[in-house]
**Q** 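One structure follows; several queries about it will come next.
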Amino acid sequence: MTRQLNVAMIGGGFMGKAHSMAYAAMPMFFWPAPALACRKVLVDVTPELAADGAARYGFEESATDYRTVVARNDIDVVDIVTPNDRHAEIAIAALKAGKHVICEKPLARNGVEAKTMLDAARTSGAIHMVAFNYRRTPAVALAKKYIDEGRIGRILNFRGTYLQDWSADPNGPLSWRFQKDVAGSGALGDIGTHVIDFARYLVGEISAVNAIVQNYVPTRPIQSGGFDMLGASDKSGEGPRGTVDVDDEFITLLKFQNGAVGSIEATRNAHGRNNFLTFEIHGTEGSIAFNYERLDELQVMFASDAGDARGFRTVYTGPSHPYGANLWPIPGLGIGYGETKIIECFDFFSAIVGGELPSPNFEDGYRISLIADAILESGATERWVAVGN
Ligand code: SOE
């Protein structure tokens, strides 16, 4: 019989929806499934929100006190989908109780906080994962396969961007994503860390950064209620405003330990860009390019191509590509954000059942936090900063 894992989810917002959908749908794609998820308890800040989230996302019970829930004997997995300032306390409590933990990105608000989580994870011996879902896009996993097979040779250069526009309006609300004590950083932690994850996954460890870090919107209308509405609430601009103390944009140069160089930029203020998460990688034997806005496609060029056929070709991912045999039967049918979360759930559950740490785990989350810290320090000091270790 397929094993069952009882899940407690802490938080019930946008990511709660994504993860709940993945728990329900994963076995429909990956069968036989490594384990089935029983959506046991959903925890939120008020009884009403928790009950509403549980009903909507298919959890058996609701609760408001995560400490009682993570200590329960019938809970196997704790899934953290809260704002960033709660990640550490919840993860550490869950790991101390011996639970497997998946935590939304960024792992923590800074490297010091991430280290406390990594230490707890190492001590517990439990399985842990950080939800950098985009590397589970089949086209991105295909890029990794080509690189590992040496198909584009030695990597010379990585260029990554993550551009959105939902915070371009200065009258968009002051949600937690614009408050340093809750979020840790702005575009850097929220979306830049996805690109840092790509860079480490595809190229290797980053050794030094040289960054420009900017804020464009210093105050925003104070939001009523704690919900994260991204850019979608009242934008009249009337009423009291509060201070934004995080970055709206950063651009950084990169040095990799293996000698490659690169750059990353991220902003949520780029009018016209929605989820423009891209990379282009140049190697001695070819190049690879990816844009999440066309996530089924990988652009590939091999230097060995015949002279009259040189140029990027489009590979449409499908059954013969990573994870593809479990998705849809014909290339080009198209996947979306949901499938990346379903694959993430499959990899997490496979790791729990197999007893082997998945990647990215809390060690990766910690390293990414150190790189984010170095980017902020470089932006403040206007010089190259070596990434800590
Ligand atoms: C908002 O910028 C956001 O929801 C991020 O927090 C997610 O990580 C990203 O995948 C989509 O955009």
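As the structure lists them, so they are numbered: ligands from 1, and atoms in each ligand from 1.
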**Q** For ligand 1, what are the residues with a heavy-atom contact below 4.0 Å?
**A**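 Lining ligand 1 at under 4.0 Å, by heavy atoms, one finds Phe14, Lys105, Tyr134, Tyr162, Gln164, Trp166, Arg177, Asp190, Ile191, His194.
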**Q** What I want to check is whether the side chains of His271 and Asp165 have a donor and an acceptor closer together than 3.5 Å.
**A**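 There is no such pair (donor and acceptor under 3.5 Å, judged by atom type) between the side chains of His271 and Asp165.
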**Q** When rounded to the nearest 0.5 angstrom, what is the spacing between CD1 in Ile127 and NE2 in His100?
**A**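 Ile127 atom CD1 to His100 atom NE2 measures 6.5 Å (nearest 0.5 Å).
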**Q** Go through it in stages, so that I can follow the logic: the residues are Tyr162 and Phe276, the test is ring pair (Phe, Tyr, Trp, His ring centres under 6.0 Å), and I'd like the CA-CA distance, side-chain angles, deciding distance and then a yes or no.
**A** CA-CA 5 Å; Tyr162 200 157; Phe276 198 82; 9.4 Å; no
**Q** With distance as the sole criterion, is a donor-acceptor pair present between the side chains of Asn6 and Asp74 under 3.5 Å?
**A**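 Looking only at side-chain atoms, Asp74 and Asn6 do not form any donor-acceptor pair under 3.5 Å.
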**Q** Would you call the rings of His194 and Tyr134 parallel, tilted or perpendicular, where under 30° means parallel and over 60° means perpendicular?
**A**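 Perpendicular.
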**Q** Side chains of Tyr323 and Glu339: is there a donor and an acceptor less than 3.5 Å apart?
**A**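 No, because no side-chain N or O of Tyr323 sits under 3.5 Å from a partner of the opposite role on Glu339.
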